[in-house]
J.: 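The structure is given below, and queries will be raised subsequently.
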Number of protein chains: 2
Amino acid sequence: MNDAPRISRQFSLCMVMEAIVHCGPISRASVAKQTGLSKQTISEIARQLEDDGWIRETGRTSGHVGRSAVTYEIVPDAACIATIDLGGTKVRAAIADLSCQVLAEVTEPTDERGGLHVVRQIARLCREAAEHNGIAYEKLRMAVVGVPGVPDPQHGRVVMAPNVSGFDTLDVKAALGAELGVEILLENDVNLAAIGEHWIGSATGVDDLAYIALGTGIGAGVMVGGTLVRGFGNAAGELGFLPFGTDPFEAESLKVGALERVTGTVGIRRRYQEIAGRGLDVPGIFDAAGKGDAAALQVLEETARYVARAVASICAITNPGKVVLGGSIGGRAELVNRVREFLPQCFPYPVEIGVSELGSRVAIVGGAAVGLTHLHTTLFAGGVPGAEISLPPAKVVKLVEAAQ
Amino acid sequence: MNDAPRISRQFSLCMVMEAIVHCGPISRASVAKQTGLSKQTISEIARQLEDDGWIRETGRTSGHVGRSAVTYEIVPDAACIATIDLGGTKVRAAIADLSCQVLAEVTEPTDERGGLHVVRQIARLCREAAEHNGIAYEKLRMAVVGVPGVPDPQHGRVVMAPNVSGFDTLDVKAALGAELGVEILLENDVNLAAIGEHWIGSATGVDDLAYIALGTGIGAGVMVGGTLVRGFGNAAGELGFLPFGTDPFEAESLKVGALERVTGTVGIRRRYQEIAGRGLDVPGIFDAAGKGDAAALQVLEETARYVARAVASICAITNPGKVVLGGSIGGRAELVNRVREFLPQCFPYPVEIGVSELGSRVAIVGGAAVGLTHLHTTLFAGGVPGAEISLPPAKVVKLVEAAQ
DNA sequence: TTTAGTTCGTTCCATTACCGAACTAATTAC
DNA sequence: GTAATTAGTTCGGTAATGGAACGAACTAAA
C-alpha cells in the first residue's frame with residue numbers, strides 16, 4: 001500500500017525544488033545551507049530528481065576558494081502549462097515552462113461563432129504556441145483560461161459573459177479538456193490580472209491588493225494575504241454593482257449595476273452625449289479632454305470621482321496596501337492622476353495607487369502564475385499540507401518578447 | 001542541536017491531538033483508524049502526551065463486541081487562555097480551556113479613568129475569572145483582547161478608539177503583558193465577532209462571510225476562506241467610510257465617514273430630530289416605529305436602505321455566502337427584515353442574511369476561538385508548516401451559562 | 001459454562017529518512 | 001609545493017513509522 005515516499009521526504013524534496021527554482025543554477029552544498037538539510041540528504045534527493053528528469057547538471061563554479069561545485073538547474077521543458085486570455089475580440093495563448101519562463105505568445109481575433117468554435121480555436125492556439133517554442137505537446141500538463149465572466153465550477157460553464165457567445169450553456173471545461181487532454185482551470189480574467197500584477201507587475205510584495213480593470217465595464221480582482229478572493233459564488237470583485245453612481249434601487253441598476261451605468265463605456269459616452277450634444281467614443285473623449293474640451297473634462301472628472309469612490313469602497317472593506325488600475329482606459333494618466341487627487345478627499349487612510357505594468361499581457365501572466373503554482377504543487381508537493389513552492393520573484397523571471 | 005522532535009513526529013502528534021480534541025473521549029484504536037497511523041505509533045504518542053499531562057485516561061468502552069478499549073481525553077485545565085471584550089461601557093472577561101470550553105465570564109463597567117487603569121482592571125478580571133472557575137492562574141498561556149478600535153501592532157496601542165481613553169498613546173500590549181505575564185493579542189472587537197459567529201454562531205460552515213456590527217457606528221468583520229481579513233493597516237471593515245449616504249467629498253465625511261454620518265447613533269437621532277422635531281434615542285425611535293410613528297418609520301426605512309447598500313458593497317467586493325447582522329441595533333427584527341427586503345432590490349445575486357446568535361457574548365467567543373487556535377498551534381503544531389488543529393465544530397462546544 | 005469470534009493493545013522487526021562525523025577530492029592562496 | 005578551503009561521498013547511528021504476530025479482554029451464541 002505504501003509505495004509513496006514518506007511525507008518528510010516529500011517535504012524535503014519540495015524545499016530542494018524551491019531552492020533550485022528560485023536560485024537558478026545552484027550547487028548542492030548551497031542548497032544544503034539554504035534548506036538546513038544535510039549535504040548527504042541533498043545529494044540523495046538531487047540524484048532522484050535528476051533520475052526522474054526534473055533537474056540536470058548545468059556547469060561548475062569556479063573562482064572561489066575550495067573545490068569547484070557542480071551546479072544544478074530545472075529542466076525547463078520537463079513540463080509546461082498553457083495560459084489563455086480569452087477576450088471578446090482577441091484570444092491570446094502562451095506557454096509557460098517549469099522554470100517559470102513565459103514563452104512567446106500567439107494572438108488571434110476571437111472566433112465570432114462562439115461556443116465550441118472558440119474552444120477549438122483555443123486548443124489550436126495552444127498547440128501552435130507549443131510548437132512555436134519547440135516544446136513537445138506531450139509535456140503540457142494543464143491549461144489556465146482567463147474568461148471575461150464568472151466561471152461556474154459546478155457545470156464548467158461561464159456565466160455573465162456577454163462578450164463570448166455560447167459559453168453560458170456549454171460545459172467549456174469538459175469540452176476544452178477533451179480537446180486538449182489536460183486539466184483545465186477556468187478563472188475570471190480580472191482575477192488573473194490581479195495575480196499577474198502581484199507576481200511580476202506593479203504590486204510585487206504587496207500581499208493585500210486590488211486590481212481594478214476599467215474598460216467596457218468595471219471589475220476588480222482582490223487579493224488578501226497573497227491569495228485571491230473568489231467569493232462564495234465566484235463573483236467577488238463585481239464593482240459594477242457598487243450601490244452608488246446612479247440610484248441602486250432602480251430596476252436598470254439591478255440589471256447592469258448602479259456604478260456600471262456611469263463608469264461603463266456606454267455610460268461614459270451617454271454622459272458626454274448629454275453634455276456636449278454629440279457622440280464620441282471613450283478614447284476620443286479622453287483625447288478631447290486633453291485638448292481642453294469642457295464637456296469632456298467634466299465627464300473625465302466625474303468618472304475619476306466615481307473610480308475614486310470605488311477605490312474607497314474597496315479600501316473600507318478589505319483595506320489593501322495598493323490598488324492597481326488597469327484595463328483599456330484604467331491605465332490612462334489623465335484618469336489615474338485625477339483618481340490620485342480625489343481619493344484622499346473621500347478616504348482618510350493613505351492608499352498607494354499604481355498603474356498596471358503588464359498592460360495587455362497581464363491576464364496571460366496571471367494565468368501562468370496560477371498554472372505554474374498548480375504545476376509545482378502537484379508535481380513536487382504531492383498533496384502534503386504546508387508543502388508549497390512559491391513562485392520565483394519578479395527579478396528571476398524574464399518575459400520573453402512576443403515572437404509573432 | 002537537534003533535541004526537538006522530528007517534524008514527522010510533530011505532524012503525527014498534531015493529528016492525534018486534533019482527533020482527541022474533536023472526538024472527545026476516544027480510544028487509541030479509533031485514533032489510529034481516523035489518522036491512518038499505525039496503532040503502535042498512536043500508543044507511543046499517547047504515552048508521551050499522557051506523560052506531559054496533556055491527555056488522560058477517562059474510562060473504557062463497553063457493550064461492543066471485542067475487547068474493551070481505554071478512552072482518552074484532553075486534560076481541560078492543562079492550559080487555558082483569557083479572552084476579554086473591552087467596550088466603552090463594559091468589560092467582559094472569560095477563560096477558555098484546552099478542551100475549548102468557554103467558561104463563565106465576569107463583567108464590570110469599564111473604568112472611566114481609562115489608560116493604565118483599564119489595563120489593571122482587565123488583569124484583575126482575568127485573575128478573577130480564573131479563580132471563579134477553579135483554574136490555577138499559572139495555567140494561563142495568553143490573553144486575547146477585543147478592542148473597539150484599530151490595533152497598531154507596531155506600537156501595541158489602539159488607534160481610532162474614541163470610546164476608551166488613553167489607549168491611543170499607551171503601549172497596551174506591553175502594559176497588559178507585564179501585568180499578566182503572558183502573551184497578549186489585540187484584535188478589533190468586530191473582527192472577533194465575525195470569528196465567533198463563524199465558529200459557533202449563525203455562520204458555522206460558511207467560510208466566506210461578513211459580520212456587520214450596528215451600534216454607535218457601523219463596522220464589519222470580513223472573512224475570506226475561513227480567514228479573517230485584517231488589511232494592510234489593520235483597518236479592513238471600516239464600513240463607515242463607504243462613499244455614500246452623504247457626499248463623501250465633504251470635509252465632515254472625511255473625518256467621520258460618509259456612511260457613518262447617517263447610520264451612526266448620532267446620524268440616526270439627527271435625522272429623526274429633523275423630521276419629527278423632537279429628540280429620541282435610537283431604541284426609542286425603533287420602538288416608536290413599532291407603534292406607527294411615521295417619522296420613526298421613515299428613519300428606520302432609510303437606515304435599512306443604507307445598511308442594504310453597505311451589504312451590497314461587501315457582496316460586490318468579496319461576495320460572501322452569508323452576512324450576519326449584529327450589534328445593539330443590528331439584531332433588531334424590524335431592521336433585519338427591511339434589509340432582507342431591500343437587498344434584492346439593489347443587488348442581483350442572492351445573499352443570505354442572518355442575525356447574530358451569540359449576542360453580547362460574540363466577541364468573547366471570537367476571542368476564545370483566536371486564543372485557542374493560537375494555543376493549540378503553539379503547543380502541538382510546534383511551528384511545523386501545514387500542521388494545524390482546527391477548532392472542534394459547534395456541536396462539540398458547550399457554552400456554559402454565565403455564573404455571575 | 002464453554003467456545004468462537006472480535007477488537008484492543010503490545011512486542012518485535014524491517015524500512016525510510018535523516019544527521020553528523022570522518023574522509024576524499026578539487027581548487028585557490030601563498 | 002603546501003596550507004586553507006570548499007564540495008561531495010561513505011559510513012554509522014537515531015528517530016519515526018508500518019506491519020505481522022501475539023496475548024488480553026470482551027460479547028455472543030452453542
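Computed over heavy atoms, backbone and side chain alike; hydrogens, waters and symmetry mates excluded. All chains are named by letter (A, B, ...) in the order of the sequence lines, taking the proteins before the strands, and each is independently numbered beginning at 1.
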J.: Rounding to a whole Å, what distance do you find between A:Q10:CD and C:dC18:C1'?
T.: 16 Å
J.: Whole-Å distance between C:dC19 C1' and A:F11 CZ?
T.: 18 Å
J.: For DNA chain C, whose closest nucleotide is more 5', that of A:S8 or that of B:R67?
T.: B:R67
J.: Cut-off 3.5 Å, side chains only: do B:E187 and B:N191 have a donor facing an acceptor?
T.: yes
J.: Please state how far atom CZ in A:R6 lies from atom C1' in C:dT15, giving the value in whole angstrom units.
T.: 7 Å
J.: Quick one: do the A:T377 and A:E388 side chains pair a donor with an acceptor below 3.5 Å?
T.: no
J.: In chain order, what residues pass the salt bridge (Lys or Arg N to Asp or Glu O under 4.0 Å) check against A:R28, with sequence neighbours excluded?
T.: none
J.: Measure the distance from OH on A:Y72 to P on D:dA7 and round it to the nearest whole Å.
T.: 14 Å
J.: Would you tell me if any nitrogen or oxygen in the side chain of A:R28 comes within less than 4.0 Å of OP1 or OP2 on D:dG8?
T.: yes
J.: If I take atom CE in residue B:M15 and atom P in nucleotide D:dA16, what distance separates them, rounded to the nearest angstrom?
T.: 14 Å
J.: What parts of residues 48-66 of chain B reach DNA chain C, counting only heavy atoms under 4.0 Å away?
T.: B:V65, B:G66
J.: Answer yes or no: is there an ion pair linking B:R56 with B:E50, defined by an N-O contact shorter than 4.0 Å?
T.: no
J.: Would you say the side chain of B:S12 lies within less than 4.5 Å of the side chain of B:T35, judging by non-hydrogen atoms?
T.: no
J.: Scan side-chain atoms only and decide if B:Q48 and B:E44 contain a donor-acceptor pair under the 3.5 Å cut-off.
T.: no
J.: Determine: side-chain N/O of A:R9 to OP1/OP2 of C:dC18, distance under 4.0 Å, yes or no.
T.: yes
J.: Could you tell me if B:S390 and B:H22 have a donor-acceptor pair between their side chains, going purely by distance under 3.5 Å?
T.: yes
J.: Look at the side chain of A:N234 and the backbone N and O of A:P151, then say whether any donor-acceptor pair between them is shorter than 3.5 Å.
T.: yes
J.: Could you tell me the separation between the CD1 atom of B:I26 and the C1' atom of C:dG9, rounded to a whole number of Å?
T.: 15 Å
J.: For atom CZ of B:F380, decide whether the heavy atoms of other residues, nucleotides or ligands shown that lie under 6.0 angstrom number more than 12.
T.: yes
J.: With the threshold set at under 4.0 Å for non-hydrogen atoms, list the residues of residues 34-44 of chain B touching DNA chain C in residue-number order.
T.: B:K39, B:Q40, B:S43
